[in-house]
Amino acid sequence: LYLGHAVTVRSGTTSLKDGSAAWQYQQDQQDQLMESVSLLITDSTGKIVYVADGDLNPGTHEFVWDGKDNAGVLLPEGQYSLTASATDITGEAITPPVFVSGRVTGVETIDGEPVLTVNGTKVPLAGVTSILEAETEAETS
């Protein structure tokens, strides 16, 4: 039912593949300006490998990472996670939600809950925020 469909999932973990990984993060405070937005990428061990400033404007923003750490060294392919943290102009800490998009390549049940494999990462079906039509063979050729 879900195999082959493109989905957007509320998750900060995705695969670095061919020197690229992409996420979206959402700044929901439409009436509140941000003082700062920090984007932190961690590897599968939880080690911070890259830090960048995020967009201060309200809305959904895409962040594409080239797979290099802050010293410019290309890191190995694998699972990486993005965390966004923000501070508004009053000093209040905010954690913007992070999303990944990709094609569903697997579906299984773990502990009685449906789980999808997206970009090599297992994500709960409950975290899916959108599902698009599956590609047909004519569209991929």
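In this structure the side chain of V128 reaches within 4.5 angstrom of the side chain of L116, judged on heavy atoms. When side chains are defined from C-beta on, I94 counts as touching M34, because their heavy atoms get closer than 4.5 Å. Annotation: side chain of W65 is not in contact with side chain of L39 (no heavy-atom distance under 4.5 Å). Residues S101 and Q24 form a side-chain contact, since some pair of their non-hydrogen atoms from C-beta on lies under 4.5 Å apart. T14 has its side chain within reach of W23: a pair of non-hydrogen atoms, C-beta onward, lies under 4.5 Å apart. Using a 4.5 Å heavy-atom threshold, the side chains of Y80 and L75 count as touching. In this structure, P124 and E113 have side chains that are not in contact, with every pair of non-hydrogen atoms separated by 4.5 Å or more. In this structure, F63 and L82 have side chains that are in contact, with non-hydrogen atoms separated by less than 4.5 Å.
The heavy-atom pair separating L132 from H5 by the smallest distance is O-CD2, 2.9 Å. The two atoms that bring A86 and V37 nearest to each other are CB-CG2, 4.0 Å, heavy atoms only. A pairwise comparison of heavy atoms in E62 and V64 identifies OE2-CG2, 3.8 Å as the closest pair. Scanning both residues, Q26 and F99, for their nearest heavy atoms gives OE1-CE1, 3.6 Å. Shortest non-hydrogen contact noted between L40 and S85 is CD1-OG, 4.3 Å. Closest of all the heavy-atom pairs between A84 and T95 is O-CG2, 3.6 Å.
Remark: the backbone N or O of K17 is not paired with any side-chain donor or acceptor of S15 at under 3.5 angstrom. Using modelled atom types, one side-chain atom of E77 and one backbone atom of D18 make a donor-acceptor pair closer than 3.5 Å. Judged by distance alone, with hydrogens and angles left aside, the side-chain atoms of D69 form a donor-acceptor pair with the main-chain N or O of A71 at under 3.5 Å. Put simply, the side chain of N119 never gets that close to the backbone of T121: no donor and acceptor are under 3.5 Å apart. Put simply, the side chain of T129 gets close to the backbone of T8: a donor and an acceptor are under 3.5 Å apart.
The side chain to side chain contact (heavy atoms under 4.5 Å, CB included) search around K122 returns E108, I110, V115, T117, not counting sequence neighbours.
In this structure, N70 CG and I48 CD1 are separated by 10.0 Å, a value rounded to the nearest 0.5 Å. Taking CD of Q79 as the reference point, atom OG1 of T42 lies at 11.0 Å (rounded to 0.5 Å). From S36, atom OG reaches atom CG of L56 across 7.5 Å, with rounding to the nearest 0.5 Å. Considering CG of D43 and CG of L16, their distance stands at 11.0 Å, rounded to 0.5 Å.
Both L3 and L125 are part of a single hydrophobic cluster, where members link through side-chain heavy atoms under 4.5 Å apart. Residues V107 and V123 share a hydrophobic cluster, clusters being chains of Ile/Leu/Val/Met/Phe/Trp/Tyr side chains in contact below 4.5 Å.
Around CG of D53, the count of heavy atoms belonging to other residues, nucleotides or ligands within 6.0 Å does not exceed 12.
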